[in-house]
Amino acid sequence: MKEHITGLIEQALDALIAQGQLPADITPQIQIDHTRDKSHGDFASNIALTLAKSARRPPRDLATQICEALPSSDLLTRTEIAGPGFINFFLSDSSNQAVVRSILEQGDRFGHSDVGQGRRVQVEFVSANPTGPLHVGHGRGAAVGDSLCRLLAATGWDVASEFYYNDAGAQIDNLARSVQARCLGLTPESPEWPDDGYRGSYIGDVARSYLAGDAIDAQDQHATGAADPNDLDAIRKFAVAYLRREQDLDLKAFAVHFDLYFLESSLYQSGAVEETVERLVANGHTYEKDGALWLRTTDFGDDKDRVMRKTDGGYTYFLPDVAYHLNKWERGFQRVINEQGADHHSTVTRVRAGLQALQQGIPEGWPDYVLHQMVTVMRDGEEVKISKRAGSYVTLRELIDEVGRDATRYFLVARGPSSQLTFDIDLALSQSNDNPVFYIQYAHARVCSILRKLTEQGDSWDADSGLGSLQELQEEHEKALLRRLDRFPEVVANAAATLEPHTVANYLKELAGDFHAWYNAHKTLVDDKPLRDARLALSAATRQVIANGLALLGVSAPESM
RNA sequence: GGGGGUAUAGCUCAGUUGGAUAGAGCAACGGCCUUCUAAGCCGUGGGUCGAGGGUUCGAAUCCUUCUACCCCCGCCA
């Protein structure tokens, strides 16, 4: 529709230029906006305002001329000049109602598009090391990352989701020593407890399971426990598998799927890390200082250079990160999106710098990052500090168990990633009725209920009849709902383009609001059959869009509540 | 000290990328269920869009300077 109006304006401008009313050298940027206030029509353009200066004409005069030059269109009933020089476009009823047919015809594909054109995109998210269960911060990453995958898939991208983790570094050693200490009967209070050991009670669970000889099958890790508390390698392997399995269960409960789990250790085994170092050295972006090997990241916008090989010969974490991203590039992902917590912000510059220093033709701003700000958790009116080492934090699983998967996902995805998020458990529990996710789901369930009622009455609904009598939809509530439904594809496209899933959540809240208002004001199952069928068509279309939108957020659309 | 983020109603937050009179939900108050699900609807009150300056037809939105809070700034990941 926007394209249609843009085309009309273009024709009008061309005509005015041909008549010599406008200078030929203007370069109009035609912008069509949805109106905020329906008294301003359905769409508005500021074209006369932006052209006023170069045309040296008062904007309202210009607007009048443009309006007069507009070709006629079946889709419009009228245009008007308003305010300082806006041109408002009023759509005909039939063009407003056409969206119902589109929705019912396209079904669960309504709102999808093909802007991605089948290009590949990789989304990496969560990427938690297997040193403990997933906490609420990981949950935000999971909710946002998974929703991004769904949005990108819906807009025509070929999406690959990936989870990257370190199964061999210092933190894993720490994990193994912590589990070993538990195997030996130590507790975090013991004087012999390892420095910086993981203190959470789950470490004791891992130790017991190890000693019991349990067999662990995770998505990508398998191990069997042994009785020997002195076999640190066996403990390490077991602990990693055990905690990976825990995380798998967390992710499963959250309905989040990964196409690939990528091990940092594989980059060492394949020689990718060494190769990366050699290329960086060969390209002359490195130097030796204090017995360490440095990368001159300041050449690429960092505020200071970074150590890549430590004096002990080991590599700092960011070097495998660079090797990993080179690997992504070499796998053919011209677009990569990394969703991570904002506390990893400093790695963005370093990884990009390392990739530039490799001189492999990787674009400067590659890869994309979506950084979500911290989640603070409130319980009993107090902030719960997240500390894996101290073992005091709220796990994702606890949240899912307490407030449900749908509410948890919705809460975590409904805010812009760049905003800090407070997850108030007490609020989510005690006032779960006020949770917006129920409000949206309720709208969906209500439509299902109407259709059930129809069936109970021994009646059935004829979609063709409904689509044939859409002109019956003349109530203001119905027009508002039609306008809202029409915007869904644009909302999806915009959310995918800006990587902001929360805009879908906001849209759904508004859509549900429009529906509830209509539902209360006007009965659907009326005796007047054409009107009834038209309303059923509108209801079914609303249900479809709610279901499609919730699917993008990974939230279910229940048929009854 | 440097980098990133945030600041909008009492609280939690939107604000369609610079448009017309800044919006929801909670909380407060008052209404609506013998009628398709009241987890709903309708109404009332509530604002110096952190502060100052700038850009222009037009700013919550862009630029700039401050202020406050959060996160990073390790040869940890």
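Residue numbers begin at 1 in each chain, while the letters A, B, ... track the order of the sequences.
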Tell which nucleotide pairs with B:C11, taking only Watson-Crick or G-U wobble pairs whose two distances are both under 3.5 angstrom.
B:G25

Using a heavy-atom cut-off of 4.0 Å across all strands, would you classify A:Gly314 as base, sugar-phosphate, or nothing?
nothing

Between A:His285 and A:Phe300, is the ring pair (Phe, Tyr, Trp, His ring centres under 6.0 Å) condition met? List the steps.
CA-CA 10 Å; A:His285 293 291; A:Phe300 304 96; 5.2 Å; yes

Could you tell me the Watson-Crick or G-U partner of B:C69, where both distances fall under 3.5 Å? Say none if there is no partner.
B:G5

From C-beta outward on A:Arg36, which listed nucleotide comes closest to its side chain: B:C41, B:U17, B:A20?
B:A20

Of the candidates B:C36, B:C75, B:U17, the side chain of A:Glu500 sits closest to B:U17

Would you indicate what A:Ser560 reaches in the nucleic acid, counting non-hydrogen atoms under 4.0 angstrom: base, sugar-phosphate, or nothing?
base

Output the single nucleotide from B:G19, B:C36, B:C71 whose closest atom is nearest the side chain of A:Thr50.
B:G19

Given B:G19, B:A38, B:G5, which nucleotide is nearest the side-chain atoms of A:Arg446?
B:A38

Applying side chain to side chain contact (heavy atoms under 4.5 Å, CB included), run through A:Tyr165 and A:Val126 and close with a yes or a no.
CA-CA 9 Å; A:Tyr165 70 95; A:Val126 182; over 6 Å; no

Touch check for A:Ala82, heavy atoms < 4.0 angstrom, all strands: base, sugar-phosphate only, or nothing?
base

A:Leu525 has a side chain; which of B:C36, B:A77, B:G19 sits nearest to it?
B:C36

Output the single nucleotide from B:C13, B:C36, B:C70 whose closest atom is nearest the side chain of A:Gln420.
B:C70

Within the structure, does a side-chain N or O atom of A:Tyr519 lie under 4.0 Å from either OP1 or OP2 of B:U35?
no

Could you walk me through whether A:Phe163 and A:Phe262 pass ring pair (Phe, Tyr, Trp, His ring centres under 6.0 Å), step by step?
CA-CA 6 Å; A:Phe163 184 118; A:Phe262 196 101; over 10 Å; no

Spacing of the P atoms in B:G53 and B:U61 (rounded, Å):
13 Å

With rounding to whole Å, what would you report as the distance between B:G25 and B:A14 at their C1' atoms?
10 Å

Would you state whether a donor and an acceptor, one from the side chain of A:Asp303 and one from the base of B:G2, lie under 3.5 Å apart?
no

Show your working on ring pair (Phe, Tyr, Trp, His ring centres under 6.0 Å) between A:His516 and A:Tyr442 and close with a plain yes or no.
CA-CA 9 Å; A:His516 286 308; A:Tyr442 187 40; 5.5 Å; yes

With a 3.5 Å cut-off and no angle check, do the side chains of A:Glu490 and A:Asn494 form a donor-acceptor pair?
no

For B:C69, does the O4'-C1'-N9-C4 (purine) or O4'-C1'-N1-C2 (pyrimidine) torsion place it in syn, i.e. within 90° of 0, or in anti?
anti

Glycosidic torsion of B:U48 (syn if within 90° of 0, anti otherwise) classifies it as anti

Regarding A:Ala517, tell me which of base, sugar-phosphate or nothing describes its non-hydrogen contacts under 4.0 Å with the strands shown.
sugar-phosphate

Please give the distance between the P atoms of B:U55 and B:U64 as a whole number of Å.
15 Å

Using the C1' atom in both, what is the distance from B:U34 to B:A39, to the nearest Å?
22 Å

Tell me what A:Thr316 touches on the nucleic acid: a base, only sugar-phosphate, or nothing, going by heavy atoms under 4.0 Å.
sugar-phosphate

A:Ser346 vs A:Ser419, nearer the 5' end of RNA chain B by closest nucleotide
A:Ser419

Once you round it to whole Å, what is the distance between C1' of B:G40 and CD1 of A:Ile450?
12 Å

B:G19: pairing nucleotide in any strand, Watson-Crick or G-U under 3.5 angstrom:
B:C57

Under 4.0 Å: is that the gap between some side-chain N or O of A:Lys289 and OP1 or OP2 of B:C75?
no

Rounded to whole Å, please give me the gap between OH in A:Tyr315 and P in B:A77.
13 Å

Ring centre gap for A:His34 and A:Phe43 strictly below 6.0 Å
yes

Find the partner of B:G40: check Watson-Crick (N1-N3 plus N6-O4 or O6-N4) and G-U wobble (N1-O2, O6-N3) distances, both under 3.5 Å, and reply none if neither fits.
B:C32

Is the shortest side-chain N/O distance from A:Lys509 to OP1 or OP2 of B:C13 below 4.0 Å?
no

Looking for any heavy atom pair under 4.0 Å, which part of the strands does A:Met374 touch: base, sugar-phosphate only, or nothing?
sugar-phosphate

Give one of base, sugar-phosphate or nothing for A:Ala443, where a contact means two heavy atoms less than 4.0 Å apart.
nothing

Donor-acceptor pair present, A:Asn88 side chain and B:A20 base, under 3.5 Å
yes

Base B:A39 to side chain A:Tyr442, donor-acceptor N/O within 3.5 Å cut-off
no

So what does A:His372 touch, heavy atoms closer than 4.0 Å: a base, only the sugar-phosphate, or nothing?
nothing

Classify the nucleic acid contact of A:Asn506 as base, sugar-phosphate or nothing, counting any heavy atom under 4.0 Å across all strands shown.
sugar-phosphate

Give one of base, sugar-phosphate or nothing for A:Glu264, where a contact means two heavy atoms less than 4.0 Å apart.
sugar-phosphate

Atom CZ of A:Arg415 and atom P of B:U12: how far apart are they, to the nearest Å?
10 Å

Between A:Asp173 and A:Arg236, does any side-chain N to carboxylate O distance fall below 4.0 Å?
yes

Closer to the 5' end of RNA chain B via nearest nucleotide, is it A:Thr498 or A:Asn166?
A:Thr498

Checking only heavy atoms, does the side chain of A:Ser449 share a donor-acceptor pair with the base of B:C36 at less than 3.5 Å?
no

Nearest to the A:Lys523 side chain among B:A14, B:C36, B:C76, which nucleotide is it?
B:C36

Give the nucleotide from the list B:C36, B:A22, B:C73 with an atom nearest to the side chain of A:Thr524.
B:C36

Assess whether a salt bridge exists between A:Arg484 and A:Glu510, defined as any Lys/Arg side-chain N lying under 4.0 Å from an Asp/Glu carboxylate O.
yes

What does A:His502 touch in the nucleic acid at a heavy-atom separation under 4.0 angstrom: a base, only the sugar-phosphate, or nothing?
sugar-phosphate

In whole Å, I'd like the distance from the CG atom of A:Leu421 to the C1' atom of B:C69.
16 Å

Of the candidates B:C76, B:C75, B:A20, the side chain of A:Ala44 sits closest to B:A20

Separation of B:A77 C1' from A:His345 NE2 (nearest whole Å):
17 Å

When we call it a touch if two heavy atoms are under 4.0 Å apart, what does A:Ala521 touch: a base, just sugar-phosphate, or nothing?
nothing

Please give, in whole Å, the distance from B:C36 P to A:Trp518 CH2?
15 Å

Test item: side-chain donor near acceptor, A:Gln420 and A:Arg415, under 3.5 Å:
no

With heavy atoms under 4.0 Å as the rule, sort A:Asp290 into base, sugar-phosphate or nothing.
base

Taking any heavy-atom pair under 4.0 Å as a contact, classify A:Ser418: base, sugar-phosphate, or nothing.
sugar-phosphate

